[in-house]
Amino acid sequence: GQQVMQIPQYQHVQEGEDFTTYCNSSTTLSNIQWYKQRPGGHPVFLIQLVKSGEVKKQKRLTFQFGEAKKNSSLHITATQTTDVGTYFCAGSNDYKLSFGAGTTVTVRA
Amino acid sequence: GAGVSQTPSNKVTEKGKYVELRCDPISGHTALYWYRQSLGQGPEFLIYFQGTGAADDSGLPNDRFFAVRPEGSVSTLKIQRTERGDSAVYLCASSRSARSKELFFGEGSRLTVL
């Protein structure tokens, strides 16, 4: 079946610095979504990417879908303490989302 | 309510007991999903409902797990003869339709099997 892998598993970031987390699928995807889960919380939808090479921005967050539609990245600039949490990518070819294991982000003030 | 509601939020049970977890999706959402999340892992797909019928139950681990959605709204996940390995957070999510990919998750039901 479809597998989605994320790296790194943990990201420790100094406040104000940038970082990127990566997502790779074993198969071509029709779309990919990103979710954020705060500690003790539930996953919250951030964005969906559908087109090959698509790039979308949300304030300090930049999401990209690879040309082959098998990988994606999330880049955060000027990290803030509010960015703490686990970021999941989830790939889909139909109604079923397959989630990666997530990148857990901690921020040093 | 405004969001997906799940009850109970916490359930502690003994090995071998029967458990029911309830999900009340966002009003008007036709698609409903159950996922299971273990510590340090991403949500793992269990079952998907479109309306009243289970369109895909391929993620249910074995026949001890069963879910229903009799009126196309509230869903119940049922676990028989619970085992310690069933301990996890069970997440319910709904979406406007199967074509609307954004999932709205509930807070989850944390199940602990002693």
Side-chain angles (χ1 to χ4, degrees), chain A residues 1-11 21-26 29-51 54 56 58 63 65 69 72 74 85-106, chain B residues 1-7 9-10 21 23-26 29-51 53-61 69 88-110:
Chain A
Q2 180 180 288
Q3 288 192 342
V4 175
M5 291 149 286
Q6 284 187 254
I7 54 170
Q9 184 177 1
Y10 299 100
Q11 184 78 56
T21 178
Y22 300 90
C23 177
N24 294 288
S25 170
S26 57
L29 301 168
S30 62
N31 68 81
I32 198 158
Q33 299 182 23
W34 286 86
Y35 288 78
K36 178 181 179 181
Q37 186 172 24
R38 294 182 183 277
H42 59 279
V44 175
F45 176 83
L46 293 177
I47 208 157
Q48 175 174 277
L49 304 170
V50 178
K51 299 176 183 176
E54 187 171 14
K56 288 188 176 180
Q58 288 181 351
F63 304 85
F65 202 7
K69 301 184 73 173
S72 181
L74 161 59
T86 301
Y87 293 82
F88 294 101
C89 65
S92 170
N93 279 318
D94 46 36
Y95 50 81
K96 184 163 59 179
L97 284 177
S98 295
F99 283 79
T103 294
T104 298
V105 177
T106 55
Chain B
V4 177
S5 176
Q6 290 189 246
T7 55
S9 55
N10 276 288
L21 307 176
C23 172
D24 198 344
I26 293 172
H29 280 196
T30 59
L32 185 145
Y33 303 77
W34 283 97
Y35 281 81
R36 177 168 72 174
Q37 187 174 26
S38 299
L39 192 63
Q41 299 296 317
E44 172 193 5
F45 172 81
L46 296 178
I47 188 169
Y48 155 65
F49 288 89
Q50 180 58 44
D56 184 347
D57 64 358
S58 62
L60 295 177
R69 194 186 185 198
V89 175
Y90 289 81
L91 293 165
C92 176
S94 68
S95 66
R96 293 183 184 87
S97 70
R99 295 177 62 84
S100 171
K101 299 296 185 181
E102 177 180 355
L103 297 187
F104 295 83
F105 282 89
E107 296 287 346
S109 292
R110 180 177 297 279

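Note on naming: letters A, B, ... go to the chains in the order of the sequence lines (proteins, then strands), and numbering restarts at 1 for each one.
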### Message
When you measure from the side chain of B/Y35 to the backbone of A/L97, do you find a donor-acceptor pair of N or O atoms at a distance under 3.5 Å?
### Response
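Judged by distance alone, yes, a pair lies under 3.5 Å.
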### Under 3.5 Å donor-acceptor, A/Y95 side chain and B/D56 backbone
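Flag not set: sc A/Y95 to bb B/D56 has no pair under 3.5 Å.
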### Message
In the structure I gave you, are the side-chain heavy atoms of B/L103 and A/Y35 within less than 4.5 Å of one another anywhere?
### Response
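Yes, close enough: below the 4.5 Å cut-off.
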Minimum heavy-atom distance [X]-[Y], with the two atoms named:
X	Y	answer
B/S58	A/K96	OG-NZ, 3.3 Å
B/Q37	A/F88	NE2-CZ, 3.5 Å
B/F105	A/H42	O-CD2, 3.3 Å

### Selection from A/G102, A/G41, A/P43 maximising heavy-atom pairs under 4.5 Å formed with chain B
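The option with the most such pairs is A/P43.
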### Options A/D94, A/T104, A/I47, ranked by heavy-atom pairs under 4.5 Å with chain B, top entry
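It is A/D94.
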### Message
Heavy-atom cut-off 4.5 Å, strictly under: side chain, backbone, both or neither for A/N31 against chain B?
### Response
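Interface part for A/N31: side chain.
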### Heavy-atom proximity to chain B below 4.5 Å, by part of A/Q6
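Neither the backbone nor the side chain of A/Q6 comes within 4.5 Å of chain B.
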### Query
Do the ring centers of A/F99 and B/F45 come within less than 6.0 Å of each other?
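Here the rings of B/F45 and A/F99 have centres that are no less than 6.0 Å from each other.
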### Message
Rounded at 0.5 Å granularity, tell me how far CD in A/Q48 sits from CD in B/E102.
### Response
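Output value for this atom pair is 8.5 Å.
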